[in-house]
Protein chains: 2
Amino acid sequence: MTAAIIVALPTDAAVDYGGGVTDCASCVVRNRAICASLDADELALLGKLGRNHRVKAGHTLLWEGDDAPVVANVLEGVLKLVVAAADGREQIVGVVFPSDFIGRPFGKESPYSVTAMTDAEVCIFNRKSFDDFASAHPDLQHKLLRRTLDELDRARHWMMLLGRKSAEEKVASFLLEMSERLSGQGCGAGTQSGFELPFGRQQIADILGLTIETTSRQLTRMRAEGLLDLPSRREIVIHDRAAMEAIAG
Amino acid sequence: MTAAIIVALPTDAAVDYGGGVTDCASCVVRNRAICASLDADELALLGKLGRNHRVKAGHTLLWEGDDAPVVANVLEGVLKLVVAAADGREQIVGVVFPSDFIGRPFGKESPYSVTAMTDAEVCIFNRKSFDDFASAHPDLQHKLLRRTLDELDRARHWMMLLGRKSAEEKVASFLLEMSERLSGQGCGAGTQSGFELPFGRQQIADILGLTIETTSRQLTRMRAEGLLDLPSRREIVIHDRAAMEAIAG
DNA sequence: ATTTTTCGTTGATCCAGGTCAATGTTCCAG
DNA sequence: CTGGAACATTGACCTGGATCAACGAAAAAT
């Protein structure tokens, strides 16, 4: 379970690993990422520590159990956080979108793998440098704390889903949450009922603690009952949101 | 799902609700709680905001969904964090021990209920006052961030257990984790193999996402196989730790 | 355009763990 | 010490979701 980190570390700046230099001022997630807590001077300082980097779909940025030398902000794309058992069983324990933060600041090995589900772009920091910078910038740390508290709330509600909900309830809950989070991504104001999932059936199963077959059957049944439409592999259109919420519980 | 908060709020200091005044300097968790980040002056200031309070086993300190007006440190006892479904199904999403932090700082309603599993003593703060104090004390906030990151790691590994492990693996993992956390409590240096759980079978089931019957059967079977002993209702003695770890995966 | 590969659906069957029910055990209260 | 309540164990049975297997459909490669 060991792998080379495929990114340029800031300390290796003499060599060009292909990581683009960061220009925070024009960053697409400038106002949504934790960096939003910084003023222009601080931002310039942080910018020197960060390197933009592209990750192809399916590639892994951090490996569970490895010493994690980097943290990052997501600029574009969707990545999954995965905890795996020795025999290959996988549980997706988090899904991160643009402006979300990746990695484990302040010591410790990475408690999970981070893998791109779509082609992605991330702004990477050497962990030690980031830790030092964060320690010196309480506002940044405050943002990070709020984010971590939110993530913890989300994780705990997902524990309820994993431990106590039926397959039907799991799928309904999942579709509603994805509908919300994905519409939060784009510019659309309200929650639209149609959306495109950034991943396939197996990954839905790994999020819900189900098999791919059960996941597929639940979706097919919901379509048969008129709750939703499946125009293509990854598109979902929820017809009866109220009914879906009733099922999700 | 609404209930009166049964504690004295600092702002009502004119009235005695029975909450004891806090003396941080002599606090039993002084060096382990987040307060350890503060110097004597800061501690005195925080002490004015806090009130010690006793909670009887089974009583609930915070209710899921209510506006949560307080946060707290645990001084003594064990409490559970619970997410419940409308039909009564419960999932325990966290267990807190002395020196652990309770509550949801920085806005929002409480995402779960907090209920004492044993008689407990907590040091309570008005949330707003605590938020302000924390915002003004980066070291405290740093401690809180580290704790929250640790909790998040723990929660995510618990998600793997809930979503992907068998009943046998769940019980084995649970016993090992409890063995560690409970020995961390006492003064014993190493991890002893015998310990007393602070809760009953139903609550183990609610932690593992199982029924009480399945939990009981797994324990009985493990005893029959010589893996452990069950000297009394709440006592566990692990005989073959290596085997237990192999099962936990 | 055709082959190959990957991904998704559907069916048949099985079994881990849930459900229902009875019994045993521990712990208080009186 | 006794009766009862709460908790735990055990048994019989059932079912939701896993597993095994085949097939279909879309995308990627040639």
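The sequence lines fix the lettering, A, B, ..., with proteins before strands; numbering per chain opens at 1.
- For residues 195-219 of chain A, the set of pairs meeting the salt bridge (Lys or Arg N to Asp or Glu O under 4.0 Å) definition, not counting sequence neighbours, comprises A/Asp206-B/Arg164.
- With sequence neighbours excluded, the residues forming a salt bridge (Lys or Arg N to Asp or Glu O under 4.0 Å) with A/Arg154 are A/Glu151, A/Glu177, listed by chain and number.
- By the side chain to side chain contact (heavy atoms under 4.5 Å, CB included) test, A/Ala57 pairs with A/Asp119, sequence neighbours left out.
- Look at NZ on A/Lys170: it is 8 Å from P on D/dG17, rounded to the nearest Å.
- Ion pair A/Glu64/B/Arg156 not flagged as a salt bridge, since none of the NZ, NE, NH1 or NH2 atoms sits closer than 4.0 Å to an Asp/Glu carboxylate oxygen.
- End-to-end axis angle of the helix from C/dA1-D/dT30 to C/dG30-D/dC1, from C1' rotation axes over five pairs per end: 50° (rounded to 10 degrees).
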Report all interatomic pairs (protein N or O, nucleotide N or O of nucleotides 22-28 of chain C) with separations under 3.5 Å.
from   : atom 1 : to       : atom 2 : distance (Å)
C/dT25 : O2     : B/Arg233 : NH2    : 3.3

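- Applying the side-chain hydrogen bond (donor to acceptor under 3.5 Å, both in side chains) criterion to B/Asp23, with sequence neighbours excluded, gives B/Ser26.
- Under the side-chain hydrogen bond (donor to acceptor under 3.5 Å, both in side chains) criterion, B/Glu235 pairs with B/Ser232, not counting sequence neighbours.
- Residues forming a side-chain hydrogen bond (donor to acceptor under 3.5 Å, both in side chains) with B/Arg223 (at least two apart in sequence, or on another chain): none.
- Atom CD1 in A/Ile212 sits about 14 Å away from atom C1' in D/dC20, given to the nearest Å.
- Scanning for side chain to side chain contact (heavy atoms under 4.5 Å, CB included) contacts around A/Ser173 gives A/Leu161, A/Lys165, A/Ala248, with sequence neighbours left out.
- Separating the CD atom of A/Glu235 from the P atom of D/dA27 is a distance of 10 Å, rounded to the nearest angstrom.
- Atom CD of B/Gln202 and atom C1' of D/dA8 are 11 Å apart (whole Å).
- Every residue was checked against the ring pair (Phe, Tyr, Trp, His ring centres under 6.0 Å) condition with A/Phe199, not counting sequence neighbours, and none meets it.
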Extract from the structure each pairing of a protein N or O with an N or O of nucleotides 16-20 of chain C at less than 3.5 Å, listing the distance.
from   : atom 1 : to       : atom 2 : distance (Å)
C/dG17 : OP1    : B/Ala167 : N      : 2.7
C/dG18 : OP2    : B/Thr211 : N      : 3.4
C/dG18 : OP2    : B/Thr211 : OG1    : 3.0
C/dG18 : OP2    : B/Thr214 : OG1    : 2.5
C/dT19 : O4     : B/Arg217 : NH2    : 2.9
C/dC20 : N4     : B/Glu213 : OE2    : 3.1

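- Atom CG in A/Leu197 sits roughly 15 Å away from atom C1' in C/dC7 (whole-Å rounding).
- Looking at residues two or more places apart in sequence or on another chain, you find a side chain to side chain contact (heavy atoms under 4.5 Å, CB included) between A/Asp153 and B/Arg104, B/Pro111, B/Tyr112.
- The distance from atom CZ of B/Arg223 to atom P of D/dT10 is 6 Å, rounded to the nearest whole Å.
- The distance between atom CE of A/Met222 and atom C1' of C/dT9, rounded to the nearest whole Å, is 16 Å.
- A straight line from CD of A/Glu169 to C1' of D/dG16 spans 12 Å, rounded to a whole angstrom.
- In terms of heavy atoms, B/Leu62 sits closest to B/Gly103 at CD1-CA, 4.2 Å.
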